[in-house]
Number of protein chains: 2
Amino acid sequence: MEQRRADSIRQTLEQLIITGAFADGERLDEIRLAERFSVSRTPLREAFQTLAASGLLELVPRRGAYVRHPGIIELVEMFEVMAELEGMCGRLAARRLTDDGLAQINGAAEECEKALSDGDTDAYYRENERFHNLLYDASGNTFLASEARKLQRRLQPFRRMQLHVRGRMKQSMGEHRAIISALEEGDAQMAETELRGHIAIQGEKFNDLMAQYNRSKMRKAV
Amino acid sequence: MEQRRADSIRQTLEQLIITGAFADGERLDEIRLAERFSVSRTPLREAFQTLAASGLLELVPRRGAYVRHPGIIELVEMFEVMAELEGMCGRLAARRLTDDGLAQINGAAEECEKALSDGDTDAYYRENERFHNLLYDASGNTFLASEARKLQRRLQPFRRMQLHVRGRMKQSMGEHRAIISALEEGDAQMAETELRGHIAIQGEKFNDLMAQYNRSKMRKAV
DNA sequence: GTCAAGTTTATTGTATACAAATACCACTGT
DNA sequence: ACAGTGGTATTTGTATACAATAAACTTGAC
């Protein structure tokens, strides 16, 4: 399926915004951006609409498009919701998971283990993402899975940051094991609790991280 | 704050789609719609982008915009997620609710009571919506509240339909009382359970409703 | 020197023009 | 009769032109 220019612009801009290439509150100049992407303003503005819908931009009528990075408060709120969604995925997955699905999840977890012993943060992040995505699908609720993925994408750089905290990768791996064990036993309550905690810990401890947070550090971590 | 044409088109189209003015899978003709709204294709297409982002349209490259009504399965999935979000709102609200917030919620509930005794379904729907919106805010998590509102809007006509089922309005009111009582006692667990059930019941029993569901009936109910 | 009003400039919002791709349809050949 | 082909018409995607509004600047009065 071929893609419109507007779509590729959207993807590119989304990644640029999420990874912090633009400062919070910065106004995106339509003409300059259009030149930069070698397109006219029309597809660019269509991309703006989509990005605004997902909260990455704020479109102020007659004033322009402003990038909106979540503040610390909104970030904690988003983690709180993410924890709930993942917990829900775990609860449902524990009841609905197939043998094949479990095998795939186990596979992703094993890749995580390998990345951990290699000390390869990038690989761990990648396989961790796969682990969670498989779990979303295992919930058997495609709408839930899609919402979870949407939110995961927005939290992406912040989840990634945390892996660089000393010991976090190992701790995360331990939590994965507990999640899998709950899934294997079909313990919905346990799966929910473990997953919620697995995400909530990231939100709750965020203030610590933010204390030493600044733009350049974040970009490096990403 | 004045509004762009694209915004008002988006609102109008959203309402038209949600209330079922277009059939599922129907292609929206840009030119005809532009004429109908007395605008050019440009603002219309910008509105399309936003509507596609919220799942109301599917934009197929080079083929057009197709309205996408949730099927019965997706609908049940959405109710399942809505139940979780509302339950979460209840849990948080029980811990964070202020006296003033509780008073407002009580106020909305009283209006519901009045609508119930008057047999006024429209008024009940309106005040019920206010009741739930106050609850979202009471969660103290603005991101959660905004997500809950988004999903509520999409489920709007289906929630509304249910009020026309014999006895549902009275039953709903009883659930509201239980929710308030849990909030008053600060019982987070109870508030979550009650609210989740309050929404889940709508999703779970949906198959019954759908058995006799058809387009014209739905439009009448809305 | 500062503030205010008016004018200029820049920027957003919308309409139109054009390009590119798809759908439609008649026609031909088997 | 039917599949395939070519050509036309329709429709989407993008560029550009124009209109409307807000920002920036100039000028003038106090």
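Proteins come first, then strands; the chains are lettered A, B, ... in the order of their sequence lines, and each starts at number 1.
A:Arg63 contributes no side-chain N or O that forms a donor-acceptor pair with the base of C:dG13 under 3.5 Å.
Between C:dG13, C:dA15, C:dA17, one nucleotide has an atom nearer to the side chain of B:Arg41 than all others, and that is C:dA17. Comparing C:dT12, D:dT14, D:dT12 by their closest approach to the side chain of B:Glu30 singles out D:dT12. The side chain of B:Pro43 lies closest to C:dA15, out of C:dA15, C:dA21, D:dA15.
Protein atom CZ of B:Phe37 is 13 Å distant from nucleotide atom P of C:dA15, rounded to whole Å. Between the CZ atom of B:Arg10 and the C1' atom of C:dT14 there is a distance of 18 Å, given to the nearest Å. Atom P of nucleotide D:dT10 and atom CZ of B:Arg32 are separated by 14 Å, given to the nearest angstrom. Per the geometry, CG belonging to A:Leu44 stands 14 Å off P belonging to C:dT11, to the nearest Å. The interatomic distance linking A:Asp29 (CG) with C:dA10 (P) rounds to 12 Å, in whole Å. Separating the CG atom of A:Leu33 from the P atom of C:dA10 is a distance of 19 Å, rounded to the nearest angstrom. Protein atom CD1 of B:Ile9 is 11 Å distant from nucleotide atom C1' of C:dG13, rounded to whole Å. Distance CD1 (A:Ile31) to P (C:dT9): 16 Å, rounded to an integer number of Å.
Judged by distance alone, with hydrogens and angles left aside, the side-chain atoms of A:Asn128 form no donor-acceptor pair with the main-chain N or O of A:Tyr124 at under 3.5 Å. A donor-acceptor contact shorter than 3.5 Å links the side chain of A:Arg154 to the backbone of A:Ser54.
The shortest distance between the side-chain N/O atoms of B:Ser40 and the OP1/OP2 oxygens of C:dA15 is below 4.0 Å. Note on B:Arg27: a side-chain N or O is less than 4.0 Å away from OP1 or OP2 of D:dT12. For D:dG13, the OP1/OP2 oxygens have a side-chain nitrogen or oxygen of B:Arg45 closer than 4.0 Å.
One finds the OH atom of B:Tyr66 at 10.5 Å from the CG atom of B:Leu59 (value rounded to the nearest 0.5 Å).
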For B:Tyr136 and B:Glu86: C-alpha separation, side-chain torsions, deciding distance, then whether side-chain hydrogen bond (donor to acceptor under 3.5 Å, both in side chains) applies. CA-CA 7 Å; B:Tyr136 304 157; B:Glu86 295 239 10; 2.4 Å; yes

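Between B:His176 and B:His132, the ring planes are perpendicular. Angles over 60° get that label, and only those under 30° would be called parallel.
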